[in-house]
Engineer: 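Following this message is one structure expressed as structure tokens.
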Amino acid sequence: AIFLGVCASIAAFCLDLSSAKTAQKKLIAAAWCLSVFIDIYAIFIYKSFGAKIACMFFFALVVLFFAYSLLKQKIGKIKAAGAIFILSLISALAVFGAANYYYQKLPPPKKASVAGRAELIPISKEIFLKAPIFGHGADSYGYEAAKTNVKKSFGNKFANSAHNTILNYACEYGAIGLCTILIVFSTWLKRLWHRRKFFGFGEFCMPYRRSEERRV
């Protein structure tokens, strides 16, 4: 939820800045950045390792997207895509090495929690196969997982969720519910893409629009 707050604050900053005509309104738009910093601080003092990873991964993607948008104007789309791919590969290897290093430094309870999440995958599969079409119902994962002796698998802890949104939806809402969610999400992405010219401040990420206007 805190990570979604970071995304929402960045979106609000972009929207407000795109319509700001005066220095005062631009300053008010920049106030959203304060919320971003507060949320990031909250994420990094929180105990969730996954939240920290999500935050770092998100900002890494933003940086790569900005880099691609700028490079493709100078060296072309193909070369820019190649450069970003190589940069992403190097970054992924560095992140993997860092993650492995810090994992070895984790205390035993934390290691058990991380390893236990992987063990929840076969448990989730078993739950899903019991009701693959319509699922077991909202907020039912903990009850169904308890039936499969999850306490012996998940580091002697009770698992109230699959710790994976897709697996959780699949178990609770079944294939029909999961497909419905994916269709809605895909429709939203499609509409968002068709309306990309209205992004305002987002034009900075899409310099090709200005080149198209020059051709017209």
Side-chain angles (χ1 to χ4, degrees), residues 1-15 17 30 32-72 77 79-107 109-121 124 141 154-155 159-171 178 181-182 184-193 196 199 201-207:
I2 301 174
F3 173 65
L4 290 176
V6 173
C7 300
S9 297
I10 292 175
F13 165 68
C14 293
L15 289 171
L17 191 65
W32 284 110
C33 295
L34 179 61
S35 176
V36 174
F37 292 130
I38 293 173
D39 286 342
I40 292 175
Y41 177 73
I43 287 173
F44 279 88
I45 64 173
Y46 187 55
K47 295 180 180 179
S48 173
F49 189 58
K52 296 179 179 65
I53 292 176
C55 188
M56 291 187 290
F57 185 68
F58 172 74
F59 281 105
L61 288 178
V62 170
V63 170
L64 288 174
F65 188 63
F66 271 78
Y68 172 74
S69 299
L70 295 174
L71 283 174
K72 71 178 182 180
K77 292 182 179 180
K79 291 182 179 179
I84 295 300
F85 175 77
I86 294 173
L87 181 60
S88 301
L89 186 61
I90 295 173
S91 301
L93 292 174
V95 169
F96 177 78
N100 185 56
Y101 172 79
Y102 284 109
Y103 176 76
Q104 300 301 327
K105 299 289 184 180
L106 289 176
K110 284 286 185 181
K111 280 188 177 181
S113 176
V114 174
R117 292 167 193 263
E119 294 174 6
L120 284 171
I121 296 176
S124 300
Y141 188 92
F154 190 56
N160 61 347
S161 74
H163 291 276
N164 181 302
T165 302
I166 296 176
L167 288 178
N168 223 75
Y169 283 158
C171 293
L178 185 61
I181 293 171
L182 292 176
V184 171
F185 184 66
S186 299
T187 303
W188 175 76
L189 285 178
K190 182 180 178 181
R191 289 176 63 85
L192 188 66
W193 176 253
R196 64 189 184 279
F199 282 177
F201 179 69
E203 286 184 58
F204 181 73
C205 298
M206 299 181 182

Engineer: Could you grab the distance from atom CG of Leu89 to atom CD1 of Ile84, nearest 0.5 Å is fine?
Structural biologist: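 It is 12.5 Å, given to the nearest 0.5 Å.
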Engineer: Applying side chain to side chain contact (heavy atoms under 4.5 Å, CB included), name anything that partners Leu87, two or more places apart in sequence or on another chain.
Structural biologist: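 Partners of Leu87 by the side chain to side chain contact (heavy atoms under 4.5 Å, CB included) criterion, ordered by chain and then number, come out as Leu64, Ser91.
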Engineer: Within the supplied structure, the quantity of interest is the number of heavy atoms (other residues, nucleotides, ligands) at a distance under 6.0 Å from Phe57 CZ; does it exceed 12?
Structural biologist: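 Not more than 12 within 6.0 Å, no.
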Engineer: Does a sphere of radius 6.0 Å around CZ in Phe58 hold more than 12 heavy atoms from other residues, nucleotides or ligands, not counting ones at 6.0 Å or beyond?
Structural biologist: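 Yes.
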Engineer: Evaluate side-chain contact (heavy atoms from CB on, under 4.5 Å) for Ile181 paired with Tyr169, printing each intermediate quantity in order.
Structural biologist: CA-CA 9 Å; Ile181 293 171; Tyr169 283 158; 3.6 Å; yes
Engineer: Between atom CD1 of Ile90 and atom CD1 of Ile86, what is the distance when rounded to the nearest 0.5 Å?
Structural biologist: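 Here the rounded value is 7.0 Å.
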Engineer: What's the shortest heavy-atom distance between Ser9 and Ser35, and which atoms?
Structural biologist: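 Closest approach of Ser9 to Ser35, heavy atoms only: OG-OG, 3.0 Å.
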Engineer: To the nearest 0.5 Å, tell me how far Leu120 CG sits from Asn164 CG.
Structural biologist: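 These two atoms lie 9.5 Å from each other.
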Engineer: Taking all non-hydrogen atoms of both residues, which atom of Tyr68 and which atom of Ala81 are closest, and how far apart?
Structural biologist: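 Smallest interatomic distance, heavy atoms only, reads CE1-N, 3.7 Å.
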Engineer: Might you point out which heavy atoms bring Gly5 and Asp39 nearest each other, and give the distance in Å?
Structural biologist: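 Looking at all heavy atoms of both residues, the shortest contact is C-OD2, 3.4 Å.
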Engineer: Do other residues, nucleotides or ligands put more than 12 heavy atoms under 6.0 Å from Leu61 CG?
Structural biologist: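 For Leu61, atom CG is crowded (more than 12 foreign heavy atoms under 6.0 Å).
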